[in-house]
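Proteins come first, then strands; the chains are lettered A, B, ... in the order of their sequence lines, and each starts at number 1.
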There are 2 protein chains.
Amino acid sequence: MESLNRVKDPKGRKRSSKRDPEANRQLLIKATLDTIADIGVTDTSVSRICERSGLSRGMIHLHFGGKDNLLTAAAQHFSTEYYAEMDRMTDLGSDASPEDRVMAVIEADLSEALLNPRSTKIWHAFRGIASSHRGIARYSSTQDPKLVETLRRAFTEIAQQNGHDPNLVNDATSGTLALLEGMWVNYLTDMQVFSRRRSAELIRRFLAGLFPGKFIL
Amino acid sequence: MESLNRVKDPKGRKRSSKRDPEANRQLLIKATLDTIADIGVTDTSVSRICERSGLSRGMIHLHFGGKDNLLTAAAQHFSTEYYAEMDRMTDLGSDASPEDRVMAVIEADLSEALLNPRSTKIWHAFRGIASSHRGIARYSSTQDPKLVETLRRAFTEIAQQNGHDPNLVNDATSGTLALLEGMWVNYLTDMQVFSRRRSAELIRRFLAGLFPGKFIL
DNA sequence: GTCTCTAATGGACGATCGTCCATTTAATGT
DNA sequence: ACATTAAATGGACGATCGTCCATTAGAGAC
């Protein structure tokens with residue numbers, strides 16, 4: 001029987017469960033995001049992060065070289081996780097209609113998994129400081145190329161069937177993303193009143209207007 | 001001839017130009033907003049605000065009782081100014097069509113006067129810390145009752161002419177505001193690429209889909 | 001066991017934070 | 001001219017900030 005204090009890392013080498021640099025790195029990032037969601041970026045200090053992670057003060061300097069880099073890494077991690085979850089939730093069969101694929105993106109973005117108190121607080125906190133923090137600015141964009149391409153391709157298929165003008169696809173794509181942005185803000189501002197279903201239906205309704213005969217309930 | 005260092009306040013009493021509590025109050029608020037736009041909320045300290053305003057450190061405690069209250073007052077001032085300017089720009093004659101009134105709101109919100117680097121940075125900075133700052137949270141709402149009512153009334157008039165279902169007005173109202181939110185984010189994220197005209201046209205297009213025969217170019 | 005190397009610790013450090021108040025300055029009343 | 005009142009100053013204060021490093025602890029090599 002393998003010793004309890006030994007685990008295997010992804011490469012299969014044995015490592016101590018008490019000494020795990022990568023795990024501690026992730027722990028710090030996690031603690032940073034939790035702290036931001038809990039008390040806000042302004043009050044998120046090195047001390048708060050350390051006491052939440054249970055690690056010593058020196059770890060941040062050791063693993064990230066400073067608080068700024070940790071914040072940047074946290075923003076990157078958050079962004080990566082968002083798009084990974086989005087991918088997971090929009091992985092429909094290849095025979096899915098373009099309308100279904102668009103609605104899958106919308107419903108994923110409005111789902112509990114992506115749109116929740118923690119994520120909205122973190123997201124808007126990062127966006128709020130992005131313009132004065134180069135590192136974070138890189139990961140505060142709404143326009144993820146892959147997601148944009150998914151929508152654009154779906155809208156292109158829909159438009160081709162009806163033969164609309166070329167700008168329609170661009171407008172539908174950035175309009176959909178803009179509406180989702182607005183919904184996140186609505187959620188942040190008043191979580192009590194917010195309704196995921198009604199928000200999704202609202203966007204569907206706008207798209208139904210844009211593509212006659214499509215996106216009907 | 002009246003002495004140069006004496007001016008009249010709104011109530012007509014004589015006051016010194018060197019001693020003007022209200023003017024200094026406003027100066028502090030202005031300096032706070034400028035500092036936030038310049039270096040971000042995180043780095044906006046009492047010292048930075050004071051050196052920008054040219055006033056002494058004690059003034060913040062004297063006029064506002066502390067930094068938190070100053071930040072709240074700044075958020076309130078910013079919000080008030082936004083809606084005042086919005087009112088000014090949407091003061092069409094009473095014979096204006098509901099469509100024109102809606103488009104006036106959209107174009108005002110996307111105009112240089114309201115949507116500029118300074119205002120977007122401040123707006124998103126406040127929103128980012130709103131969830132951990134009660135005072136600011138009050139002034140970070142997108143759903144200004146008066147503006148909502150303006151849109152709702154206009155959409156109601158448009159819908160009545162065509163006889164649509166009652167939810168249409170609600171959806172058009174909050175959809176329009178959500179789209180505008182998204183446009184502000186687009187502007188903040190990439191000011192170089194952003195186009196006021198195309199953004200307004202995109203929203204018009206969405207509304208044209210929602211109200212057949214209306215909002216056509 | 002002993003050596004080596006790196007992960008991890010936790011306190012020292014100067015800088016800066018926000019608050020507060022004793023003092024000075026300017027305007028007004030008598 | 002003098003007293004009174006309020007505006008404004010600027011430094012003192014303790015607390016906390018983020019960085020850095022001398023030290024300890026743990027794991028593998030031999």
Can you check the [X] [atom1] to [N] [atom2] distance for me, whole Å?
X        : N      : atom1 : atom2 : answer
B/Leu62  : D/dA6  : CG    : C1'   : 9 Å
A/His133 : D/dG18 : NE2   : P     : 12 Å
B/His63  : C/dC21 : NE2   : P     : 18 Å
B/Glu22  : D/dA8  : CD    : P     : 11 Å
B/Leu28  : D/dA8  : CG    : C1'   : 11 Å
B/Phe64  : C/dT19 : CZ    : P     : 13 Å
B/Ile60  : D/dT9  : CD1   : P     : 12 Å
A/Asp20  : C/dT9  : CG    : P     : 12 Å

Do [X] and [Y] sit within salt-bridge range, that is, some charged N less than 4.0 Å from a carboxylate O?
X        : Y        : result
A/Glu181 : A/Arg127 : yes
B/Arg101 : B/Glu157 : yes
B/Arg118 : B/Asp38  : no
A/Arg204 : A/Glu201 : yes
B/Asp87  : B/Lys146 : yes

| Any donor-acceptor pair under 3.5 Å between the side chain of B/Arg19 and the base of D/dA7? |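 Between D/dA7 and B/Arg19, which were checked side chain against base, a qualifying N/O pair under 3.5 Å is present.
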
| message | Please determine whether any donor N or O and acceptor N or O are separated by less than 3.5 Å between the side chain of A/Arg57 and the base of D/dT19. | response | yes

| said: Whether B/His61 contacts D/dT9 is assessed here as follows: a side-chain N or O lying under 4.0 Å from the phosphate OP1 or OP2. Is that the case? | reply: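 No, outside the criterion.
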
| said: Less than 4.0 angstrom between a side-chain N/O of A/Asn24 and OP1 or OP2 of C/dA8, yes or no? | reply: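 Affirmative; the distance criterion is met.
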
| Is the side chain of A/Thr189 donor-acceptor paired with the backbone N or O of B/Ser141 at a distance under 3.5 Å, no angle test? | no

| query | A/Pro21 has a side chain; which of C/dA8, C/dT19, D/dA8 sits nearest to it? | reply | C/dA8

| said: Using a heavy-atom cut-off of 4.0 Å across all strands, would you classify B/Arg48 as base, sugar-phosphate, or nothing? | reply: sugar-phosphate

| By a strict heavy-atom criterion of less than 4.0 Å, which residues belonging to residues 36-47 of chain B are in contact with DNA chain D? |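 Those residues whose heavy atoms fall under 4.0 Å from DNA chain D, taken from residues 36-47 of chain B, amount to none.
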
| Check against salt bridge (charged side-chain N to carboxylate O under 4.0 Å, His left out), A/Arg196 and A/Glu112 | CA-CA 9 Å; A/Arg196 301 177 198 278; A/Glu112 173 79 37; 2.9 Å; yes

